[in-house]
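This chain uses plain numbering: 1 for the first residue, then up along the sequence. For clarity, every value in this text was computed on a predicted model and none was experimentally measured.
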Amino acid sequence: MLGLSLILLWMIALPIQGQAASPIEPGALTAPPPDLIQPLTLFDPDFSYLERGAGYISELSNGRVNIWGDSAATVHVGEIGVGLTLQRWTGSAWIDVISGTPAVDSDSAYTYQSHILTSVAKGYYYRTKSSHWITHGEVYESGTRYSGSLLLPL
């Protein structure tokens, strides 16, 4: 009896072939993107100066979104920067929609950047891709982060 129970539990745990990935949410033109950790989303733990960085996205109104990001170093470094890119989910891949001019500060341990974007197509999922870097003497450290996704409904 125990063997039969284990077999039934194993069969229930198996994925169903041909099952749809995710249903399309109301107001969306595509199924949601997978919630997978992308490559290069974590900074190298052996970095000496680039401490952290992140990018964010929020909905404003009338099809507008705000993206912003920041980078932080452990000490004042020669240069610290953050660059932001808005990405849209096509249903199968993330594509770049717009990239801003990076924010760069000298002799600082922190930098911040914000963009308000207009005329964003509704019905799609968006996220922020943020690039972070520092230079300190001969040392260059960099990393890329991705925000969670945001549906801008129809």
Enquirer: Checking Asn62 now: which residues fulfil side-chain hydrogen bond (donor to acceptor under 3.5 Å, both in side chains) with it, not counting sequence neighbours?
Expert: none
Enquirer: Ignoring hydrogens, what is the shortest heavy-atom contact between Leu151 and Glu59? Give both atom names and the distance.
Expert: O-OE1, 4.4 Å
Enquirer: Can you tell me if Thr74 uses its side chain to pair, donor with acceptor, with the backbone of Ser48 under 3.5 Å?
Expert: yes
Enquirer: Got a donor-acceptor contact below 3.5 angstrom from the Thr85 side chain to the Ser99 backbone?
Expert: no
Enquirer: Give me each pair satisfying salt bridge (charged side-chain N to carboxylate O under 4.0 Å, His left out) with a member in residues 82-104, each pair once, sequence neighbours excluded.
Expert: none
Enquirer: Identify, with sequence neighbours excluded, every residue that meets side-chain hydrogen bond (donor to acceptor under 3.5 Å, both in side chains) alongside His136.
Expert: none
Enquirer: For a quick test of reading the model, state the closest non-hydrogen atom pair linking Leu150 to Ser58 and the distance between them.
Expert: CD2-C, 3.8 Å
Enquirer: Applying the 4.5 Å side-chain criterion to the ILVMFWY set and letting contacts propagate, would Val120 and Tyr125 be lumped into a single cluster?
Expert: no
Enquirer: Which pair of non-hydrogen atoms, one from Gln87 and one from Val97, has the smallest distance, and what is that distance?
Expert: C-CG2, 4.1 Å
Enquirer: Please table the atom pairs, donor to acceptor, closer than 3.5 Å between any side-chain atom in residues 106-113 and protein atoms at least two apart or in another chain.
Expert:
unit_1, atom_1, unit_2, atom_2, d
Ser108, OG, Tyr110, N, 3.1
Ser108, OG, Tyr110, O, 2.9
Tyr110, OH, Asp70, OD2, 3.2
Thr111, OG1, Asp105, OD2, 2.8
Gln113, NE2, Thr101, O, 2.3
Gln113, NE2, His115, NE2, 3.3

Enquirer: Has the side chain of Glu141 got a donor or acceptor atom that lies under 3.5 Å from a matching backbone atom of Phe47?
Expert: no
Enquirer: Taking the six-membered ring of Trp94, is NZ or CZ of Arg127 closer than 6.0 Å to its centre and within 45° of its axis?
Expert: yes
Enquirer: What distance do Tyr56 atom OH and Ile67 atom CD1 have between them, rounded to the nearest 0.5 Å?
Expert: 13.0 Å
Enquirer: Would Thr90 and Thr30 satisfy side chain to side chain contact (heavy atoms under 4.5 Å, CB included), going step by step from the backbone distance to the final call?
Expert: CA-CA 7 Å; Thr90 65; Thr30 69; 5.9 Å; no
Enquirer: Walk me through whether Leu84 and Lys129 qualify under side chain to side chain contact (heavy atoms under 4.5 Å, CB included).
Expert: CA-CA 6 Å; Leu84 302 175; Lys129 175 184 175 182; over 6 Å; no
Enquirer: Tell me the closest heavy-atom pair linking Gly83 and Trp133, and the distance in Å.
Expert: N-CZ3, 3.7 Å
Enquirer: Using 0.5 Å steps for rounding, measure from the OH atom of Tyr126 to the OG atom of Ser149.
Expert: 12.0 Å
Enquirer: Nearest 0.5 Å, what's the CZ-CG distance between Phe43 and Leu50?
Expert: 4.5 Å
Enquirer: Taking only residues two or more places apart in sequence, or in another chain, which ones meet Ser147 in a side-chain hydrogen bond (donor to acceptor under 3.5 Å, both in side chains)?
Expert: none
Enquirer: Taking atom CG of Leu117 and atom CZ of Arg64, what is their separation to the nearest 0.5 Å?
Expert: 10.0 Å
Enquirer: Are Leu60 and Leu86 connected into the same hydrophobic cluster when the rule is that any two of I, L, V, M, F, W, Y join if their side-chain heavy atoms are below 4.5 Å apart?
Expert: no
Enquirer: Determine, using the 4.5 Å side-chain heavy-atom cutoff (strictly less than), whether Ile95 and Ile98 are members of one ILVMFWY cluster.
Expert: no
Enquirer: My understanding is that only residues two or more places apart in sequence, or in another chain, count here; which of them pass side-chain hydrogen bond (donor to acceptor under 3.5 Å, both in side chains) with Asp44?
Expert: none
Enquirer: How long is the straight-line distance from OG of Ser71 back to CD of Glu51, given to the nearest 0.5 Å?
Expert: 11.0 Å
Enquirer: Measure across Asn66 and Ser114 and return the closest heavy-atom pair with its distance rounded to 0.1 Å.
Expert: OD1-OG, 3.2 Å
Enquirer: Checking the side chain of Tyr124 only, and the main-chain atoms of Pro153 only, is there a donor and an acceptor separated by less than 3.5 Å?
Expert: no
Enquirer: Check for a donor-acceptor pair, side chain of Arg145 on one end and backbone N or O of Gly53 on the other, with a separation under 3.5 Å.
Expert: yes
Enquirer: Do you reckon Leu154 sits in the same ILVMFWY cluster as Trp89, going by side-chain contacts under 4.5 Å, direct or chained?
Expert: no
Enquirer: Give, for atom OG1 of Thr128 and atom CD1 of Ile57, the distance between the pair rounded to the nearest 0.5 Å.
Expert: 4.5 Å
Enquirer: What pair of heavy atoms forms the shortest contact from Ile24 to Leu29, and how long is it?
Expert: CD1-O, 4.4 Å
Enquirer: Is there a side-chain contact between Ser142 and His132 (heavy atoms, below 4.5 Å)?
Expert: no
